Every structure is written in structure tokens, then in C-alpha cells.
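On a predicted model such as this, the values are computed, not experimentally measured, just so you know. Chain letters run A, B, ... following the sequence lines, proteins first, then strands; residues in each count from 1.
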There are 2 protein chains.
Amino acid sequence: MQRKKHLHRIDAIDRRILAELQIDGGLSHADLAERVGASAASCWRRVKALEAAGVLQATVRLVDPAAVGRGVNVLCNLRVRSHTREVRASFEAFVRSRPEILDCYSMSGDWDYLLRVVAADVADYERFLMGTLLEHPSVGAASSHFALAQVKHTTAIPIG
Amino acid sequence: MQRKKHLHRIDAIDRRILAELQIDGGLSHADLAERVGASAASCWRRVKALEAAGVLQATVRLVDPAAVGRGVNVLCNLRVRSHTREVRASFEAFVRSRPEILDCYSMSGDWDYLLRVVAADVADYERFLMGTLLEHPSVGAASSHFALAQVKHTTAIPIG
DNA sequence: CATGAAAGCCATGGTAA
DNA sequence: TTACCATGGCTTTCATG
């Protein structure tokens, strides 16, 4: 799973390719070529190079969380029980293994980590918090905050 | 931009389709059919229905933020200057208009919003904070925390 | 050396039974 | 659900600036 083979110089056309594909990943090479102002063949070569360099990553379909019963977002600040290498590695492996934890950042400041958890409802989150998260030996304190609404949520990184 | 036309009953095969497509959105209908244990035609109809219902949303390509100079994540707690409808609407429109703000949640608790901002480095974020965010008339206080690492970041909602 | 144009193969989407 | 066909995208080749 090694990526980032070789730093590929990203020029203006590459950036336009990235900008288009991260909005619509289903574009054909022909359509993409038209939008970025290059030939289909050149476009195809660039896409392959960007993939090989690890700049262009997975193609994914987005699913409406509410439609599959995961409409509640909870942001959870968390401290680990100790800051040894082992405990942190154990916690991070745990985080990666739990599908309801979508995002996890190691933070500077008062808390060690910030998690985003999706749940069906408050009771569902309570079960996860008490039954799973706080049960894990690596976890110290946690402070949960419910999102009232998701004002914005995008996967598109600003390019340019 | 109306979605969610009609609540479509999602059965086990639909869930498997969603689970597969949110991991690999580039799957052909034939491959998808094989993985979920249905025929290609049936699979195709289900995908169309899920799209029409708004359950299956955009196909996007993920881009490595660091490769395009956006490797720093900042989580920013924020209060608006007042809680009137107008001020909140103004703030939320502002948030949606700024491409470096990837996520924004309206929160319960001490702060009104939580933002995730991607920046090139600390100085770049400082410019955004002082020059753009805090300059906006709707914004009151803000408290920024830098992510030391992105331990986990996925777009895949748990299905099932 | 990278690009652009052209062409063939093949897989795919879509339809009909 | 299975079978079929025509469409169109992917990939290579080649000539060019």
C-alpha cells in the first residue's frame, strides 16, 4: 500500500483535472479532456500519472447518512489514559476498526483526539459511548457534543 | 435541487450495493452485481432507484490534500455575533462560499459552530483567520485547534 | 519529449424477451 | 432473470511541434 512514488510536478492542467474529478468522478476521459482543454489521450496519461503519484485517490460514491439510519453526527473530544506509544497505537487501531467513527484527528490543546461519530439517534450514541468507546482500555475522558445540523460537508479540496 | 422524492424501501441487497459503491464508485454494474449476488440488470435498476431517491449521491474522486498544498487541518470553534435568523443565514452562506472550509456543523453546547478548515501551513491559516473569517460581520469569537495528524478520514457510512 | 489526432478492440449499458 | 446488440469509452499507435 505504498503511495507517493515520485513527486510529480503538477501543472495548471493537472490542477483542472483534479478540480473536475473531485466534483464528478464519473466523467469520461473525453468529457474531462473537453473541460480542461486537452486531448483525451493526454488527459488519460495525466490521470494515470496522478494516480501513480498518489495524488488522485479512490473513486467513491457518497451515501446520504440519514437514509441509512446514520443521521446524527456527534463530535467527541477525548483523552487517552496515558500517552505512551503503545496506548496511542492501540487507540488509533481501535478507531480505525470502528465503522461508526468516520473521522479522527490527533489534536493539539486540551484534548488528545477529536472524533466524529455517526449514530442513528441519541440512544444509539449512548450505547456506543458507554458500551464501546469508554470500555476501551486506552480511553480516558470523553466529552461529546451533538451536531444540530450539518451546514456544509464536502470532499473537494480547494485547488489552485 | 430537490431530492428524496419518495421513501424507497432499502432491502439487504440495496445495502450491499451501497456498501460496495461507497468504497469503490468505479465498479461496473457487472462487477457490482457479482459482489452483491444479483443480476446486472437488477443491479442497474436498483442503482437508478437509489439515485432517484437521493440515497446514492455524487460520484467523487478523492484528492490527497497534502499533494495540492492543503495538508494542515484546523478545527475551529466559533460563535456568531448574534443568534438572529439573518446573522445565522449570513454566516452559513459565507461558510458555503469559502472552499477552504470543508465541513461545518451547527453545534449544541458552548460554541455555535465547528468548522474544519484546510490550509497550507500555520501562516496560511493565520491569514484566513484574521483576514477573512474574523472579518466577516456575522462572526463573534473563534477558537482554533490544529490537528497534529489525521488518524482516520472516511466517507463510508456504516451500512447494515 | 509531450502532445494531439485517429482507429480498433472490447466492455459496457440498456433493452427486449 | 437471461440474452443480446449497439453504443461508446479505453487504449495504443503514429505523426507532429
B/S39 side chain N/O closer than 4.0 Å to the phosphate oxygens (OP1, OP2) of D/dT2?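 Looking at the OP1 and OP2 atoms of D/dT2, neither is under 4.0 Å from any side-chain N or O of B/S39.
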Taking only side-chain N and O atoms of A/R46, does any of them lie within less than 4.0 angstrom of OP1 or OP2 on C/dT3?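 A/R46 to C/dT3 OP1/OP2: side-chain N or O found under 4.0 Å.
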For the pair A/F146 and A/Y125, name the ring-plane relationship: parallel under 30°, tilted 30 to 60°, perpendicular over 60°.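 Rings of A/F146 and A/Y125: perpendicular, over 60°.
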Taking [atom1] from [X] and [atom2] from [N], how many angstroms apart are they, rounded to a whole number?
X	N	atom1	atom2	answer
A/D11	C/dA2	CG	C1'	11 Å
A/K48	C/dA2	NZ	C1'	18 Å
A/L27	D/dG8	CG	C1'	15 Å

Any chance you could lay out the side-chain contact (heavy atoms from CB on, under 4.5 Å) test for A/T132 and A/F94, step after step, and finish with the verdict? CA-CA 10 Å; A/T132 303; A/F94 166 71; 3.9 Å; yes
What is the minimum heavy-atom distance between B/K152 and A/V95, and which atoms define it?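 Reported closest heavy-atom pair: NZ-O, 3.2 Å.
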When you get a sec, tell me which of C/dG4, D/dT1, C/dG13 is the closest nucleotide to the side chain of B/A41?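 Per side-chain heavy atoms of B/A41, the pick is D/dT1.
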Salt bridge present between B/R61 and A/E51 (N-O < 4.0 angstrom):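 Judged by the 4.0 Å cut-off on N to carboxylate O distance, B/R61 and A/E51 do form a salt bridge.
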Could you pick out which residue, A/W44 or B/G37, lies toward the 5' side of DNA chain D when each is mapped onto its nearest nucleotide?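 Nearer the 5' end of the strand: B/G37.
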Quick check on DNA chain D: between A/H29 and A/R45, whose nearest nucleotide comes earlier from the 5' end?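 Upstream on the strand: A/H29.
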Look at all strands and tell whether A/A30 reaches a base, only sugar-phosphate, or nothing, counting heavy atoms closer than 4.0 Å.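 No contact at all - A/A30 keeps every heavy atom at 4.0 Å or more from the nucleic acid.
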